[in-house]
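To start, the structure under review is shown below, and the notes come after it.
As the structure lists them, so they are numbered: ligands from 1, and atoms in each ligand from 1. Because the structure is predicted, anything quoted here is derived from the model rather than measured.
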Amino acid sequence: METSVININAAPFPFAAKAEALALIVIDMQRDFAEPGGFGASLGNDVSRIGRIVPDVKRLIEGFRAAGLPVIHTMECHRPDLSDLPLAKRDRGNPRLRIGDEGPMGRILIAGEPGTAILPELSPTPGEVVIEKPGKGAFYATELDRILQARGIRQLVFAGVTTEVCVQTTMREANDRGYECLLAEEATESYFPEFKAATIAMIRAQGGIVGWTARLDDILKGISLA
Ligand code: TIU
C-alpha cells in the first residue's frame, strides 16, 4: 500500500504522520481524576484544572473519528478484589481515602465504579479500544502493545491526564518500544502547571528524546488531510 506522509507542525521538528500507522491514545480522562471526591482529590489535589481541557480533548477525539483514525482510551483502575493492587501503591502517603475505599462516587479507582468511569463527554464509542491498567504506564500488565502491533499502529498522539504521571510514563514506555509519540499540548493537564510545562520541555529536548509535542490545531489540520 502507498504510504502517504503528512507533516504536522511540531516541536522539536515536524512530525511525519502516516495515516495507516497513526492512533490517538487518551489517557485516564476519568471522573476519579477530574471531580471532587475521587482519587486525585484524595491525594490533596485541586482537581478543577482537569475539567478545563475536556473541550480540547473532545475536539481531538472528534477529529480522529472524522478522519477514520483509531481512538484508544485508557483507565487507571484495579480489580474489586484488589488482586492487581500492590501494597506499595495502596499504602503510599497519607491520603484521605485509599484505593478501594468507599468514596462519594463509589470505591476509589475500582473498575466498574461510577467514579472510575471516563468523563461522559469523552465516552468511548462502540468498537473503540479501552485499556484498563493497574499502573501509571499503559503498557505495564496490559494487552496494549499486542493490540497496537496487530493493527500496524506505530505512531501515537497522546492526550489526557496527568501530563507528568500517566501520560509521560506511557509515552516513555511507548518510545522505548519503538513507537513515535506526539503529545497534544492543550489536550493534556497536570494538577501542577509547572510540571506540565516541564514535561513538554523534557519530551522535546535533546532532539525529541521522548517524542514530539504539537498544538491541537496543528494536529487537527494534519489529520484532516489524512
Ligand atoms: N496523581 C496523578 O497525578 N496521577 C495519577 O495518579 N494517575 C494518572 O496520571 N492517570
Side-chain angles (χ1 to χ4, degrees), residues 24-54 56-57 60-61 71-79 82 84-101 103 105-111 113-119 122-124 129-142 144 156-175 181 183-200 202-203 210-211 213:
L24 171 64
I25 181 159
V26 184
I27 304 287
D28 302 357
M29 287 301 296
Q30 297 162 248
R31 297 181 67 199
D32 251 310
F33 296 106
E35 294 186 21
F39 180 59
S42 82
L43 301 175
N45 295 305
D46 169 6
V47 296
S48 60
R49 306 181 62 79
I50 305 298
R52 286 187 220 128
I53 66 164
V54 169
D56 282 334
V57 179
L60 188 58
I61 290 174
V71 179
I72 295 162
H73 307 258
T74 71
M75 303 172 70
E76 183 178 350
C77 59
H78 294 275
R79 296 188 194 126
L82 308 185
D84 60 355
L85 174 60
L87 279 179
K89 184 173 181 184
R90 178 169 158 85
D91 291 346
R92 188 72 49 84
N94 191 23
R96 280 193 294 279
L97 291 169
R98 293 189 188 276
I99 297 169
D101 289 350
M105 298 190 288
R107 293 179 69 199
I108 299 284
L109 225 55
I110 298 298
E113 296 288 332
T116 308
I118 291 174
L119 293 165
L122 306 176
S123 283
V129 171
V130 181
I131 300 284
E132 295 189 349
K133 64 184 182 66
K136 303 306 182 193
F139 287 84
Y140 168 68
T142 72
L144 179 58
L156 294 168
V157 173
F158 279 81
V161 297
T162 62
T163 316
E164 80 283 11
V165 182
C166 291
V167 175
Q168 188 179 202
T169 302
T170 305
M171 279 187 83
R172 288 174 180 274
E173 287 183 323
N175 190 51
C181 299
L183 177 63
E185 293 172 22
E186 300 94 329
T188 184
E189 192 50 275
S190 168
Y191 300 121
F192 306 88
E194 67 276 23
F195 290 173
K196 173 176 172 174
T199 302
I200 288 172
M202 70 178 77
I203 284 167
V210 180
T213 78

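- Less than 4.0 angstrom separates some heavy atom of Phe33 from each of these atoms of ligand 1: 5 (C), 6 (O), 7 (N), 8 (C), 10 (N).
- With values rounded to the nearest 0.5 angstrom, Met171 atom CE is found 9.0 Å from Thr188 atom OG1.
- Distance alone, capped at 3.5 Å, places no donor-acceptor pair between the Arg31 side chain and the Ala117 backbone.
- A donor-acceptor pair is defined here as one N or O able to donate and one able to accept, closer than 3.5 Å; such a pair exists between the side chain of Glu173 and the backbone of Ala138.
- Under 4.0 angstrom from ligand 1, the non-hydrogen atoms of Lys136 all belong to its side chain.
- Geometrically, ligand 1 and Thr162 share a nitrogen or oxygen pair separated by less than 3.5 Å.
- Contacts with ligand 1 closer than 4.0 Å are made by no heavy atom of Val167, backbone or side chain.
- For ligand 1, the polar-atom distance check against Ile27 finds no nitrogen or oxygen pair separated by under 3.5 Å.
- Between the Lys89 side chain and the Arg92 main chain, no donor and acceptor come within less than 3.5 Å of each other.
- At a 3.5 angstrom cut-off on N or O pairs, Glu76 counts as close to ligand 1.
- Under the 3.5 Å distance criterion, with hydrogens and angles disregarded, no donor-acceptor pair is assigned to the side chains of Thr199 and Glu164.
- Looking only at distances, no side-chain donor or acceptor of Thr74 sits under 3.5 Å from a matching main-chain atom of Ile131.
- Around atom 10 (N) of ligand 1, the closest heavy atom drawn from Gly160, Ser42, Cys166 belongs to Cys166.
- Residue-level proximity to ligand 1 for Asp28 is carried by the side chain, the only part with a heavy atom below 4.0 angstrom.
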